[in-house]
Amino acid sequence: MQKNDLIELKIEDMGADGAGIGRYGGMAFFVKDAVIGDTITARIMKLKKSYGYARLTEIKEASPNRVEPRCIYARACGGCQLQQMSYESQLAFKQKKVREHLIRIGGFGELFTDRVMEPIVGMEEPFAYRNKAQFPIGTDGSGSVVAGFYAGRTHHIVANTNCILGVPVNEDVLHAVLDYMKEFGVSAYEEGTKTGWIRHVLIRYGFDSKEVMVCIIAKGRRLPAEQTLVERLCAIEGMKSISLNTNTKDTNVILGEHTRVIWGEPGITDALYLRDPSDFHRIGDKTVYGISPQSFYQVNPVQTEKLYSLVLEYAGLTGTETVWDLYCGIGTISLFLARYAKQVYGVEVVPQAVEDARQNAGRNGISNAEFFLGKAEEVLPAFYGMGTQEGNDILPAGTALSEEMRHPDVIVVDPPRKGCDANCIETMIRLQASRIVYVSCDSATLARDLRKLCDGGYGVERVRAVDQFGQTVHVETIVLIQKKNS
Ligand code: SAH
């Protein structure tokens, strides 16, 4: 067996990144775009000791789970990994992914895992669900400026202004920007040579408010003929905020540090509604949020309402509780919970997001939510160790200490993909909250952190995956963790 050999594989499993897995000659082969149940021919690309990678060349017998991708760029573009699978089988894949991470990484037993896992919450319409898109801008082979998405694991742009996971207004914005660039000779930034001007276009759309925000990410602090671009963008229905973010660094991080509003408001607003967790119909309560370009906001608002309603259910609030909301972003979960709790404290590391969170409390007439700027793994221990020099150095002068802050009833955490810092988990255990609600966008790090919490005297009670990212391998998971003997 060697590189470039053609082999026939029956795809019997799928890896966490969505690649089909088949066996040949005692080795496991990973094949991108192959679906569980397919019989395929594939070309060996890379051989390791006990496994290899192969490229799909022909589908000999299609799996019953296979569907025709809706987007013609599905295979080339790195954005979607599962468009060739029926949505139902995507959900089954995600449920299994979370289950296997809990068992393999978390070390939880199979029977236990099956007992605590509830059915995944799917989407009604798994396309056109994203409220945010960040299109890289580049130059194609003929020297024309293009917008699109990166091909998987590369920075080669697949030109496409009409991503079917996004909203129609994306296309209007991109055409306005690309036409302006062509007319005024404004170049696209080139990563290789670090020359050129425009790097990315970030677009956000409020599903409830119908407001549009555009943030152009460029190498400089000004754009040529800025006013013309502004005039054209403002003509788009719903336009509320146009800003220019400057990123001069040689980095994969999209946003730079400096943002200037060039027209309209500093951001947009949107609203989320409480849903009944038994069947997820909306039950009225509405929370309004202001969102800046630099702040995080969940990308799938319909599923976010379901997710947050489950957070509220898992938190089991009666109105008397003190709650910490770690990694709180613009205070979305904090404010969703504040109406049902005595007091909520949020912690977030992005200054603009904390600013948004404070304003959002006011916007909703909520006075029992307070927000702290800093890393969860530093702010929380500072509170726990208040009165010590180290604690005092981190917290703003005059921060009041209450015993309830040191011993909350509920802690909610919603960290980025890398999960919680070890120091954060350790302090959470020390605070001895009766319940912890863990919201995660990466079930591998979630499983790792759950193991630590369980070793620290907690038990996993309920686990539910919520599909926020149809057509991709990503999945959100919410877990209720309870202090033992409480
Ligand atoms: N709960 C919010 C945000 C979740 S995203 C929501 O549902 O909208 C994770 C957030 O954690 C982001 O806002 C990010 O800026 C923030 N973050 C990342 N690292 C952090 C850290 N070490 N401490 C506190 N916040 C952090």
Side-chain angles (χ1 to χ4, degrees), residues 130-132 202 204 206-208 253-255 257 259 267-274 287-312 314-315 323-338 344-361 364 369-384 394-395 410-428 436-442 445-446 449 466 468-469 474-479:
R130 282 189 68 101
N131 59 14
K132 175 188 171 186
L202 184 161
R204 251 197 198 124
F207 271 55
D208 189 69
V253 178
I254 295 178
L255 288 175
E257 275 162 25
T259 307
I268 56 167
T269 62
D270 198 26
L272 294 172
Y273 294 76
L274 183 66
T287 316
V288 181
Y289 303 105
I291 313 153
S292 302
Q294 304 94 318
S295 298
F296 175 90
Y297 182 60
Q298 300 281 354
V299 297
N300 181 335
V302 176
Q303 293 301 96
T304 298
E305 290 185 356
K306 300 179 186 174
L307 178 76
Y308 289 177
S309 302
L310 285 171
V311 172
L312 183 60
Y314 281 19
V323 182
W324 277 101
D325 177 18
L326 309 178
Y327 311 87
C328 70
I330 60 171
T332 36
I333 296 179
S334 320
L335 301 176
F336 222 73
L337 301 183
V344 180
Y345 301 104
V347 182
E348 163 62 44
V349 77
V350 172
Q352 195 54 50
V354 172
E355 195 46 47
D356 286 347
R358 289 178 182 144
Q359 285 185 16
N360 287 334
N364 292 285
E370 202 180 328
F371 297 95
F372 299 98
L373 173 64
K375 291 184 178 168
E377 62 272 23
E378 290 174 2
V379 171
L380 204 62
F383 266 101
Y384 190 73
I394 289 177
L395 296 170
V410 180
I411 302 174
V412 177
V413 284
D414 183 7
R417 282 189 201 160
K418 67 175 185 210
C420 292
D421 186 276
N423 210 16
C424 180
I425 296 275
E426 245 169 62
T427 317
M428 282 162 67
I436 297 173
V437 181
Y438 196 135
V439 179
S440 154
C441 54
D442 185 328
T445 57
L446 167 71
D449 290 349
V466 177
Q468 298 252 59
F469 316 104
H474 303 292
V475 60
E476 197 85 9
T477 311
I478 165 171
V479 182

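Counting starts at 1 for both ligands and their atoms, following the listed order. Quick caveat: nothing in here was measured; it's all calculated off a predicted structure.
- Sorted by first then second residue, the side chain to side chain donor-acceptor pair (under 3.5 Å) pairs that include residues 325-337, not counting sequence neighbours, are Tyr308-Thr332, Asp325-Ser334.
- Protein residues having at least one heavy atom under 4.0 Å from any atom of ligand 1 are Phe296, Gln298, Tyr308, Tyr327, Cys328, Gly329, Thr332, Ile333, Glu348, Val349, Val350, Gly374, Lys375, Ala376, Glu377, Asp414, Pro416, listed by chain and number.
- From Met428, atom CE reaches atom CD1 of Ile436 across 4.0 Å, with rounding to the nearest 0.5 Å.
- By the ring-ring contact (aromatic ring centres under 6.0 Å, His included) test, Phe372 is found to be paired with Phe383, residues two or more places apart in sequence or in another chain being considered.
- By the salt bridge (charged side-chain N to carboxylate O under 4.0 Å, His left out) test, Glu370 pairs with no residue at all, sequence neighbours left out.
- A side-chain donor from one of Asp449 and Tyr438 sits under 3.5 Å from a side-chain acceptor of the other.
- For Asn364 and Thr287, the side-chain atoms include no donor-acceptor pair closer than 3.5 Å.
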